[in-house]
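Below: the structure, in structure tokens.
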Amino acid sequence: QVQLVESGGGLVQAGGSLRLSCAASGRTLYTMVWFRQAPGKEREFVVAVSWSGSTTEYADSVKGRFTISRDNAKNTVYLQINSLKPEDTAVYYCAAANRWNDYISHKYVYWGQGTQVTVSS
């Protein structure tokens with residue numbers, strides 16, 4: 001059983017930055033994906049990274065501002081968010097898929113509990 005724990009969220013002014021972390025226990029060589037869900041909206045894909053870190057895929061809405069990275073030695077995936085906008089306000093979740101193709105097929109085996117990001121204007 002793998003547990004995913006997100007951290008790093010908070011309240012920040014527009015234009016600021018945050019770095020979110022997703023720490024995993026147990027086996028960690030998964031494809032990792034960040035989602036977000038704003039109040040009253042459906043969950044939205046943000047970015048995915050392969051187990052090696054060599055392949056990434058970003059939602060168009062975050063390209064250029066969000067950067068995903070991972071440190072497999074620390075069993076942690078990071079999401080650097082720059083130039084935050086009020087519309088980035090959401091709960092950010094990380095999820096694990098066994099392989100890249102499972103991510104493509106939306107087959108996730110583990111989910112974290114989420115971390116709140118609130119951006120004030």
Side-chain angles (χ1 to χ4, degrees):
Q1 184 74 11
V2 172
Q3 289 187 325
L4 304 179
V5 179
E6 301 95 335
S7 61
L11 174 63
V12 63
Q13 288 188 333
S17 298
L18 282 174
R19 189 176 80 157
L20 308 184
S21 299
C22 173
S25 62
R27 173 178 173 264
T28 57
L29 296 182
Y30 294 95
T31 290
M32 298 300 294
V33 186
W34 284 97
F35 293 86
R36 65 184 180 184
Q37 187 166 19
K41 295 188 177 181
E42 293 187 353
R43 187 174 62 204
E44 175 190 23
F45 163 76
V46 176
V47 59
V49 61
S50 63
W51 70 269
S52 67
S54 61
T55 303
T56 59
E57 186 168 80
Y58 290 85
D60 288 342
S61 59
V62 305
K63 284 181 180 176
R65 297 191 300 119
F66 288 30
T67 303
I68 193 169
S69 62
R70 65 188 300 160
D71 184 341
N72 288 338
K74 296 182 178 180
N75 301 332
T76 302
V77 176
Y78 303 100
L79 182 63
Q80 178 69 39
I81 310 175
N82 298 325
S83 303
L84 277 156
K85 304 176 180 180
E87 52 264 42
D88 293 321
T89 295
V91 177
Y92 285 71
Y93 299 91
C94 64
N98 280 320
R99 55 192 63 84
W100 188 259
N101 284 343
D102 286 351
Y103 147 67
I104 297 297
S105 301
H106 310 294
K107 295 177 181 176
Y108 302 103
V109 290
Y110 301 109
W111 287 87
Q113 294 299 308
T115 185
Q116 175 72 48
V117 171
T118 303
V119 184
S120 62
S121 58

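The model shown is predicted, which means the values in this text are computed figures rather than measured ones.
Closest approach of T76 to S21, counting heavy atoms only: CG2-CB, 4.1 Å. Minimum heavy-atom separation, A96 to M32: CB-SD, 3.7 Å. Across T89 and P39, no two heavy atoms sit closer than the pair O-CD, 4.3 Å. When every heavy atom of A24 is checked against every heavy atom of V2, the shortest pair comes out as CB-CG1, 4.3 Å.
The hydrophobic clustering, which links ILVMFWY residues whose side-chain heavy atoms are closer than 4.5 Å, places L11 and V117 apart. No continuous path of hydrophobic side-chain contacts links V33 to V46 [ILVMFWY only; heavy atoms under 4.5 Å]. Cluster membership for I104 and V47, using ILVMFWY side-chain heavy atoms within less than 4.5 angstrom, is not shared. Put simply, L20 and V5 are part of two different groups of oily side chains (I, L, V, M, F, W, Y) that touch within less than 4.5 Å, one to the next.
Listed by first then second residue, pairs satisfying disulfide (SG to SG under 2.5 Å) with a partner in residues 62-121 read C22-C94, not counting sequence neighbours. Applying the disulfide (SG to SG under 2.5 Å) rule to pairs touching residues 43-87 yields nothing, sequence neighbours excluded. Screening residues 16-37 for ring pair (Phe, Tyr, Trp, His ring centres under 6.0 Å), with sequence neighbours left out, gives Y30-Y110, F35-Y108, F35-W111. For the ring pair (Phe, Tyr, Trp, His ring centres under 6.0 Å) condition, no pair includes a residue of residues 71-96, sequence neighbours left out. Each disulfide (SG to SG under 2.5 Å) pair with one or both residues in residues 33-88, not counting sequence neighbours, would appear here, but there are none. Evaluation of the side-chain hydrogen bond (donor to acceptor under 3.5 Å, both in side chains) test over residues 95-106, restricted to residues two or more places apart or in two chains, returns E57-Y103, R99-D102.
Judged as a side-chain contact (heavy atoms from CB on, under 4.5 Å), and not counting sequence neighbours, the contacts of E87 are K85. Among residues two or more places apart in sequence or in another chain, the side-chain hydrogen bond (donor to acceptor under 3.5 Å, both in side chains) test is passed with N82 by S17, Q80. Listed by chain and residue number, Y58, D60 satisfy the side-chain contact (heavy atoms from CB on, under 4.5 Å) test with K63 (two or more places apart in sequence, or in another chain). F66 pairs by the ring-ring contact (aromatic ring centres under 6.0 Å, His included) definition with nothing, not counting sequence neighbours. For S52, the side-chain contact (heavy atoms from CB on, under 4.5 Å) partners at least two apart in sequence or on another chain are S50, S54.
Around CD of Q37, the count of heavy atoms belonging to other residues, nucleotides or ligands within 6.0 Å exceeds 12.
The side-chain heavy atoms of R36 and D88, taken from C-beta on, include a pair separated by under 4.5 Å.
A distance-only check finds a donor-acceptor pair linking the side chain of R65 to the backbone of S83 [under 3.5 Å]. S121 places no side-chain N or O within donor-acceptor distance of the main-chain N or O of P86, the cut-off being under 3.5 Å. Between the E6 side chain and the Q113 main chain, a donor and an acceptor come within less than 3.5 Å of each other.
Within the hydrophobic cluster formed by Ile, Leu, Val, Met, Phe, Trp and Tyr side chains joined at under 4.5 Å, directly or through other members, W51 is accompanied by L29.
Expressed to the nearest 0.5 Å, how far CG of N75 lies from CD of Q3 amounts to 13.0 Å.
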